[in-house]
Amino acid sequence: MAFSISRPLFRREARLQLSLVLCARHRPILSCSSVASSSHFSSLVRSARTQNLKQSSSFLSVRFASSKMGADENLLKVLRSEIECIQEFKDPRELDVPEGFPFEILDNPGDNTITLKREFAGENIQIIVYMNPDVEEDEEEDDEDDDADQENASKPSISLHVTIDKGEEVPILEFVCNLNSDELEIENMKNPDDSGCQGTYEGPEFSDLDESLQKALHHYLKVRGISDSLYGFLSEYMMKKDEREYQTWLKNIEEFVRK
């Protein structure tokens with residue numbers, strides 16, 4: 001008995017085989033060229049990212065540089081304004097040393113102190129002078145204080161470190177004093193035999209000394225030219241020095257920022 005295949009079924013099988021062949025022919029093959037193309041694309045992506053990072057970094061650098069320049073220019077402007085203000089209100093008059101002033105003045109630029117020196121009857125006297133940072137404030141005593149008292153209370157005080165040296169093998173006598181417009185106050189004095197060792201007797205507080213001894217010590221300093229009469233000249237001198245040092249300090253900062 002012979003079998004026959006109907007034409008429609010034969011055609012369907014033929015089309016199926018043809019489809020399989022075509023699929024096999026056109027199936028994508030991962031060739032070396034395609035791999036190379038993919039690698040090249042990744043390289044381009046990495047390059048683009050690197051370029052973007054460089055551009056971002058460059059942008060930030062420019063931004064920070066611009067901020068720095070703006071801050072520097074602002075600081076220079078303020079410094080220049082402050083310097084000009086000092087110069088505008090500066091007293092152009094030179095301060096003359098009073099006639100009969102017994103001390104040599106040693107004033108080194110950059111120091112916040114000056115040194116007074118003199119010889120007196122075989123003694124070498126040296127005084128380190130510095131302005132107290134705070135304006136002296138008297139305690140409130142009475143609301144009826146006159147204008148003169150208020151003016152004196154607002155004036156700055158000056159500190160003096162006095163050393164009196166009589167030469168070799170003789171101890172040095174030292175005084176710590178506070179000088180204001182009214183008086184010279186002896187705050188402390190150092191024992192000439194004080195070797196600096198711990199436990200050395202330093203003597204009582206000056207204010208606890210007998211009044212007659214306090215007066216004798218004040219007179220001891222006065223005959224050596226150390227008294228409240230120094231205040232007028234020294235206070236003006238120290239204020240002018242402070243003004244000069246402040247202006248120099250500002251100019252040094254200005255010069256640094258400009259570099």
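All figures in this text were calculated on a predicted structure; none of them were measured in a lab. Reckoned from all heavy atoms, side chains included, excluding hydrogens, waters and symmetry mates.
A heavy-atom distance below 4.5 Å is found between the side chains of I158 and Y231. Side-chain contact between N180 and E185 is present, with heavy atoms from C-beta onward closer than 4.5 Å. By the 4.5 Å heavy-atom criterion applied to side chains, L173 and Y220 are counted as neighbours.
In terms of the ring-ring contact (aromatic ring centres under 6.0 Å, His included) criterion, residue partners of F233 (sequence neighbours excluded) are, by chain and number, F101, Y237. Taking the side-chain hydrogen bond (donor to acceptor under 3.5 Å, both in side chains) definition, one finds that R244 meets it with D107, sequence neighbours left out. Partners of S227 by side-chain hydrogen bond (donor to acceptor under 3.5 Å, both in side chains), not counting sequence neighbours, listed by chain and number: S229. By the ring-ring contact (aromatic ring centres under 6.0 Å, His included) test, F175 is found to be paired with no residue, residues two or more places apart in sequence or in another chain being considered. In this structure D91 satisfies the side chain to side chain contact (heavy atoms under 4.5 Å, CB included) test together with R93, K240, sequence neighbours excluded. In this structure, the side-chain hydrogen bond (donor to acceptor under 3.5 Å, both in side chains) partners of S159, at least two apart in sequence or on a different chain, are N132. Scanning for side-chain hydrogen bond (donor to acceptor under 3.5 Å, both in side chains) contacts around N74 gives an empty result, with sequence neighbours left out.
Minimum heavy-atom separation, M238 to N112: CE-O, 3.9 Å. When every heavy atom of S207 is checked against every heavy atom of Q214, the shortest pair comes out as O-NE2, 3.4 Å.
Applying the salt bridge (Lys or Arg N to Asp or Glu O under 4.0 Å) definition to pairs two or more places apart or across chains, those involving residues 217-235 are E123-R224. Applying the salt bridge (Lys or Arg N to Asp or Glu O under 4.0 Å) definition to pairs two or more places apart or across chains, those involving residues 204-219 are E211-K215. Applying the salt bridge (Lys or Arg N to Asp or Glu O under 4.0 Å) test to pairs two or more places apart or on separate chains, those with a residue in residues 70-83 are K68-D72, R80-E254.
Note: T113 OG1 to L160 CG = 12.0 Å, rounded to the nearest 0.5 Å. Taking CZ of F206 as the reference point, atom CG of N188 lies at 10.0 Å (rounded to 0.5 Å). To the nearest 0.5 Å, the span separating CZ on F120 from CD1 on I164 amounts to 9.5 Å. The CG atom of N178 lies 9.0 Å from the CD atom of E183; values are rounded to the nearest 0.5 Å. Atom CD of E243 sits about 11.5 Å away from atom CZ of F89, to the nearest 0.5 Å. Atom CD of E187 and atom NE2 of H161 lie 12.0 Å apart (nearest 0.5 Å).
I125 and V176 end up in different hydrophobic clusters when Ile, Leu, Val, Met, Phe, Trp and Tyr side chains are linked at under 4.5 Å. Transitive grouping of hydrophobic side chains (ILVMFWY, heavy atoms separated by less than 4.5 Å) keeps L230 and V223 in distinct clusters.
Through direct or indirect side-chain contacts shorter than 4.5 Å among Ile, Leu, Val, Met, Phe, Trp and Tyr, L106 is connected to no other residue. The hydrophobic cluster around I83 extends to L75, L76, L79, I86, Y246, W249, L250, I253, F256, V257, counting ILVMFWY residues whose side-chain heavy atoms fall within less than 4.5 Å of a member.
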